[in-house]
2 protein chains.
Amino acid sequence: MELLVAVARLGSLGRAARELGISQPAASGRMRALERQLGVALVRRSPGGSRLTESGALVTEWARKVLEAAADFDAGARALRGQRDSRLRVAASMTVAEYLLPGWLTALHVRHPGTAVSLAAGNSVAVAAQVASGAADLGFVEGLDVPAGLDAVVIGQDRLLVVVAPAHPWAARRRPLPAAEVATTPLLLREEGSGTRQVLDASLAPHGGPAVPLLELASTTAVKTAAVGGAGPAVLSELAVADELSAHRLVDVPVAGLDLRRALRAVWPAGHRPAGPARDLLGLTRRAAPRR
Amino acid sequence: MELLVAVARLGSLGRAARELGISQPAASGRMRALERQLGVALVRRSPGGSRLTESGALVTEWARKVLEAAADFDAGARALRGQRDSRLRVAASMTVAEYLLPGWLTALHVRHPGTAVSLAAGNSVAVAAQVASGAADLGFVEGLDVPAGLDAVVIGQDRLLVVVAPAHPWAARRRPLPAAEVATTPLLLREEGSGTRQVLDASLAPHGGPAVPLLELASTTAVKTAAVGGAGPAVLSELAVADELSAHRLVDVPVAGLDLRRALRAVWPAGHRPAGPARDLLGLTRRAAPRR
DNA sequence: CTGAGGTCATAACCCCAGCTTATGAGGTGA
DNA sequence: TCACCTCATAAGCTGGGGTTATGACCTCAG
């Protein structure tokens with residue numbers, strides 16, 4: 001797939017081969033194998049170079065998606081390795097670690113290839129502790145308050161959304177749902193103790209107590225899958241359901257009088273302004289989501 | 001990665017191995033290799049089974065993303081193969097083919113594993129022609145009007161968005177941008193002739209002529225990359241930028257008095273209501289995005 | 001018109017990653 | 001305590017995918 005994308009960009013098999021550090025025949029063979037496997041001509045070869053087929057362009061876009069996901073995987077994994085000699089130690093809440101950090105890390109890797117990052121993921125309290133104790137250089141937390149003893153900057157907003165499958169009655173509503181109805185309707189939820197759950201319960205408190213679980217599932221993905229399958233309404237971070245919303249596999253249900261937004265903050269030990277790689281990463285995240 | 005996800009689900013290396021059709025030692029070795037490569041312990045082995053590590057859970061989520069992208073790639077490619085004996089021939093516009101169809105096809109494949117689908121991608125006119133001539137059983141077009149001679153149903157809405165990098169002045173605006181300003185500001189655009197470009201020009205016509213290109217780029221990805229890099233404002237389908245928006249790599253700029261929505265429609269030859277596999281697929285897409 | 005420099009394809013050879021089968025060691029539950 | 005599950009180790013084979021060497025084809029400049 002890398003080869004395919006490289007060919008798309010460079011317009012020549014040989015050139016792409018050189019970029020990937022393999023020999024030209026290897027590239028030729030690989031391409032041929034891919035085309036045979038897919039049963040579709042992907043590139044139009046000519047002595048002047050290779051151009052993508054119509055189908056090839058489509059396939060290339062799909063391949064690019066796979067490569068992006070793989071790059072994120074890679075960056076995340078590399079950070080998790082957490083050698084002690086990493087020049088930048090990051091601690092992040094689960095949501096940030098799962099959805100945002102990999103992208104930042106790949107971007108960081110592009111700009112500063114030398115930077116080794118280590119990652120520790122945990123809940124906001126644990127992150128704060130790690131940063132305060134100096135075990136991490138930079139932390140990312142979601143929540144309403146800034147942990148004591150730390151300086152912080154808001155780098156973005158996360159919002160919990162009430163989502164349902166398109167076939168669910170709530171999807172057809174024209175007016176926002178009353179918060180009280182959310183409080184009384186059994187919902188698909190993460191297990192007790194998750195950050196998502198805490199924010200939800202806090203928000204629902206004035207509207208008739210904590211959320212009522214229809215099912216408690218162990219992972220975000222499990223909740224999503226159940227919701228898409230029509231098991232019931234779910235409450236999830238907008239980061240987790242962006243894809244499903246844009247493909248209309250899930251529908252966002254507006255709720256009246258319920259503020260489920262929470263700030264995403266970068267934190268560091270009070271006084272010690274981030275420098276070096278920490279500053280690079282922070283710049284990246286702030287460029288990506290400035291305080292508005 | 002499949003192995004990792006399978007282990008997460010089944011709680012045992014051997015069981016996962018059986019599911020993937022490989023031997024238990026192979027699974028054991030593979031896992032060990034993955035852990036060595038990443039430098040992180042992913043599963044906690046015990047004689048009673050294997051449970052994911054904290055890090056393992058994180059890695060598994062990232063892996064799942066890769067696998068989803070790969071499944072879409074696969075489904076798309078399989079459809080492109082387009083053997084003549086395919087039981088369902090689909091024609092789709094580029095946007096649908098690129099962003100929506102793969103997901104539908106994977107879902108279809110899960111529900112009806114036997115169905116062979118072939119795909120032809122092209123602009124809306126070409127899709128209409130294919131469906132009308134019987135070369136395709138079902139078509140998907142985006143646009144304002146229903147092609148003559150075809151029955152259609154709206155399966156969703158696509159919307160073009162004006163997007164900028166977060167550092168761009170437009171990102172900080174509190175009130176919607178006047179449409180006239182969009183018309184006069186040079187934009188990052190797809191090349192002339194693309195559907196996106198046509199819709200945009202039509203919408204801008206009452207506000208001071210067609211869009212002014214700052215750069216004309218050959219692919220959606222190229223436009224996106226340029227926009228994220230801060231080259232300027234871009235106009236893209238919301239489907240194309242869902243990820244970037246949720247990660248705040250791009251910001252949606254509301255525009256006053258400009259309706260850039262366009263319906264996504266499934267079309268078929270007038271009178272011939274879709275049956276069999278076409279009906280399955282249609283059901284899938286409509287379940288995913290019912291007329292509201 | 002001809003030779004230089006680019007394209008890609010074919011052929012022959014080689015290596016090692018990863019599979020399989022067979023076996024053993026360590027827990028758990030009836 | 002024995003049957004049954006877990007996972008790990010060992011030994012041997014296979015083939016996908018790499019390499020180098022070479023050749024055919026096209027384009028362009030002089």
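Hydrogens, waters and symmetry mates play no part in the numbers below; they use all other heavy atoms, side chains included. Numbers restart at 1 for each chain; the letters A, B, ... are given by sequence-line order, proteins then strands.
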>> Does atom CZ (B:R51) have a neighbourhood of more than 12 heavy atoms from anything else shown, all under 6.0 Å?
In response: no

> Under 4.0 Å between a side-chain N or O of A:S23 and OP1 or OP2 of D:dT19?
Replying inline: yes

>> Rounded to whole Å, please give me the gap between CG in B:L20 and P in C:dG18.
In response: 15 Å

> Closest to the B:S28 side chain: D:dA8, D:dT20, C:dG26?
Replying inline: D:dA8

> Residues from residues 6-17 of chain A sitting under 4.0 Å of DNA chain C, heavy atoms only?
Replying inline: A:S12, A:L13, A:G14, A:R15

>> Check the phosphate of D:dC7 against B:S46, side-chain N and O only, distance under 4.0 Å to OP1 or OP2. Yes or no?
In response: no

>> Can you identify which nucleotide, out of D:dC7, D:dT9, C:dT10, has its nearest atom closest to the A:P25 side chain?
In response: C:dT10

> Rounded to whole angstroms, how far apart are CZ on B:R45 and C1' on D:dC5?
Replying inline: 17 Å

>> Expressed as a whole number of angstroms, how long is the span from B:I22:CD1 to D:dA8:P?
In response: 13 Å

>> Taking CZ in A:R44 as the centre, count heavy atoms belonging to other residues, nucleotides or ligands within less than 6.0 Å. Is the count above 12?
In response: no

>> Take a 6.0 Å sphere around CD of B:E2 and say whether it holds more than 12 heavy atoms from other residues, nucleotides or ligands.
In response: no

> In this structure, are over 12 heavy atoms from other groups packed under 6.0 Å from A:E54 atom CD?
Replying inline: no

> For the pair made of CZ in A:R30 and P in C:dA9, what is the distance, rounded to whole Å?
Replying inline: 15 Å

> Among B:L217, B:L188, B:V241, B:V163, which residue meets the side chain to side chain contact (heavy atoms under 4.5 Å, CB included) test with B:K224?
Replying inline: B:V241

> Between atom CD in B:Q24 and atom C1' in D:dT6, what is the gap in whole Å?
Replying inline: 8 Å

> Looking at A:A211 and A:L189, what are the two nearest heavy atoms and their distance?
Replying inline: CB-CD1, 3.9 Å

> Does atom CZ of A:R15 have more than 12 heavy-atom neighbours from other groups under 6.0 Å away?
Replying inline: no

> Taking CZ from B:R18 and C1' from D:dC5, how many angstroms apart are they, rounded to a whole number?
Replying inline: 10 Å

> Are OP1 or OP2 of C:dT7 and a side-chain N or O of A:S50 less than 4.0 angstrom apart?
Replying inline: no

> Rounded to whole angstroms, how far apart are CE on A:M1 and P on D:dG17?
Replying inline: 13 Å

>> Nearest whole Å is fine: how far is D:dG17 P from A:L34 CG?
In response: 11 Å

